[in-house]
Amino acid sequence: MAKVVMEKLNKHFGEVKAVRDFDLEIPDKEFVVLVGPSGCGKTTTLRMVAGLEDITSGNIYIDDKVVNQLPPKDRDIAMVFQNYALYPHMTVYQNMAFGLTLRKFPKAEIKQRVKEAAEILNIGELLERKPKALSGGQRQRVAVGRAIVRKPKVFLFDEPLSNLDAKLRVQMRVELKKLHDRLQTTIIYVTHDQVEAMTMGDCIVVMKDGLKQQVGAPLELYFRPANKFVAGFIGSPAMNFMEGELLSEQGGLFLQTMGFKLKIPEDKAAKLKSYPEKRVIFGIRPEDLPEAPAAIPNETIEVVVEVLEPLGSEVYLDVKVGETSLIARAEPTTKAKPHFKLYLQPVLENMRFFSIRDEKALF
Amino acid sequence: MSEKFVERMIKFYLPLFIFLFFLLFPFYWMFITAFKSDAELYNLKLNPFFIHEPTFKNILMLFKETLFNRWMFNTFFVAILATILSLSASLLAAYAIQRVRFRGSGPIGISIFFGYLVPPTILFIPLAAIIFQLKIWDSLWSLVLIYPTFLIPFCTWLLMGYFKSIPKEMEECAMIDGASRLRVFWQIVVPLALPGILSAGIFAFTLSWNEYLYALTFISTTTLKTAPVGLITELVRGDVYHWGPLMTGALLASVPVALVYSFFVEHYVAGMTGALKE
């Protein structure tokens, strides 16, 4: 159990700046997820915390102690790797006991701890097997087991679920979350899958190009994204973005874009007053684009349906407005058909505006 | 069925048979010559592919009139020591070049390989000077020391390829688990690389066993000769070839190598392909 602090962390591989001025404070017992597209620096950050990668500059503290120069084995951490990294020449028991044996724990205690961990993870019957004789999900459990027997201060997970099939992944997601509840240990979890991040993390750190984009609770990121990247990355299907022009006319502030014009609600219009540019990027999530029975001036968009994606509980409509494609969520009862016209009535209160210059959220 | 069978015969079994014949005929020749008398050997009227009057005279001559036993022992001694020496050095070198990634590890890896490319026919002259300086001329230790000069480069390269196939995460995980670099090497890397190490070992053993040039130039005392050199220098007297004992010796000397191969053939193949399946 420990607090982890990263301070002005930098990592350069030659010319490439993998991680840039990364600051993060992780409170004790928190489940933090680092998420971002591949090459965003999330795994490098995790490896620096583990001590597997040297730090170019900055500091890492575990429990208020600087660990920059400490070798991995002295940091009191455990890590679960994407490919599990089980030792193929050892049995499951030996795999799990390896770290404890090296630390010269008494035999009885090792046995006790392995048994305990095996029970938690339901792998009691597999202890005598070699990793080769295990399925993907079982290997995953052993890898987690090997980490928890050590009772480390911090758990590090590096995309541990990405080698599992979709169904097992959902199941392991829940199990890891339960495990965190039970063990009450700080966890740093790296993934490229935003669904995993949303469902598992107490706190999510979105990264891109080595830079921290936003830190916050899952729903905070969903409803108040700090910039266009976070808005597009969090949520599935992704938020729709369009560029438009702000028009101050009689009766209020309007948003004009190819093919349609929308009246911006008063409170948002007031906030947009200080925005100096004429053009703006606006975003709206698929669920905020419900169907409208008929056209209402300045409130609805006329679209052409291209593809229907029925999922059962909902249907996603791929539609086109002029040259721009949008995705809208509709009820399963929708009458929409491909190639037919349709009116959508955006929930304007939930619209997000982003600066055209730096793509930051305007409010 | 018959058409497929004929096709398979022509495309697969026939070439295989020709290849096998080509490969095994010298052994057959050695075998039948070992049991023929000189009179039979030089009688052109007899069919040379069969033994007509088997004799054990050649075998007796080999063991009684030459130091064949001694030569075999010498060859074993040199081959095993040279193999152990080369393997230990190559294991450490290959691991360091592949995984420790110190400054200049790349160029060092390549220069080791260049060492392998210099032919022994050129190298033996400067090496002779070194052997003289070390005062181990005409001693088996000279061979034990010289053979690694060509064994280490090959073994190092073979093992480098093998180490590359071991997932790095496994080592990193062990380090987080609390192992030092040395322990990671012994408890994780070496057990996993065992097929590769065996391949390198077999290769080193075979090369040292068959080595001719250095053994011929550095050893002159009859009792210290290795089997390949001893057979040729002692059984070819002037222009007289003692074909019978010579072939017997060649046959017996190739047995250990054949045994080593057949014992480890599975590991050997796995090592050559660098396969490490999870």
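Atoms considered below: every heavy atom in the structure, side chains included; atoms not considered: hydrogens, waters and symmetry mates. Proteins get letters first, then strands, A, B, ... in listed order; numbering begins at 1 in each.
Legend: residues meeting ring-ring contact (aromatic ring centres under 6.0 Å, His included) with A/His180, ordered by chain and number and at least two apart, are A/Phe31. Evaluation of the ring-ring contact (aromatic ring centres under 6.0 Å, His included) rule for B/Tyr13 yields no partner, not counting sequence neighbours.
The neighbour count for A/Gln69 CD, taken as heavy atoms of other residues, nucleotides or ligands under 6.0 Å away, does not exceed 12. When the shell of 6.0 Å around CZ of B/Phe31 is examined, it contains 12 or fewer heavy atoms from other residues, nucleotides or ligands. The 12-atom threshold is exceeded at CG of A/Asp181, counting heavy atoms of other residues, nucleotides or ligands nearer than 6.0 Å. For B/Phe19, the CZ atom counts as loosely surrounded, since its 6.0 Å shell holds 12 or fewer non-hydrogen atoms of other residues, nucleotides or ligands. Around atom CZ of B/Phe17, no more than 12 heavy atoms belonging to other residues, nucleotides or ligands sit under 6.0 Å away.
Atom CG of residue B/Leu194 and atom NE2 of residue A/His89 lie 10.0 Å apart, to the nearest 0.5 angstrom. Annotation: the span from A/Tyr87 atom OH to B/Glu171 atom CD amounts to 10.0 Å, rounded to 0.5 Å. Atom CE of B/Met175 is separated from atom CG of A/Leu52 by 8.0 Å, given to the nearest 0.5 angstrom. If you take SG on B/Cys173 and CG on A/Asp158, they are separated by 11.5 Å, rounding to the nearest 0.5 Å. B/Glu169 CD to A/Leu86 CG: the interatomic distance, rounded to the nearest 0.5 Å, is 11.5 Å.
Contact count against chain A (heavy-atom pairs under 4.5 Å) is highest for B/Glu172 among B/Glu172, B/Arg183, B/Lys168. The candidate from B/Ala179, B/Gly178, B/Pro191 with the greatest count of non-hydrogen atom pairs under 4.5 Å with chain A is B/Gly178.
Contacts between A/Arg75 and chain B at a heavy-atom distance below 4.5 Å are absent for every atom of the residue. Contacts between B/Gln187 and chain A at a heavy-atom distance below 4.5 Å involve backbone atoms as well as side-chain atoms.
Nearest approach of B/Pro167 to A/Asn83, heavy atoms of both residues: CB-ND2, 4.0 Å. Of all the heavy atoms in A/Arg103 and B/Ile176, the pair that sits closest is NH2-O, 3.0 Å. Nearest heavy-atom pair across A/Pro88 and B/Leu192 is CG-CD2, 3.3 Å.
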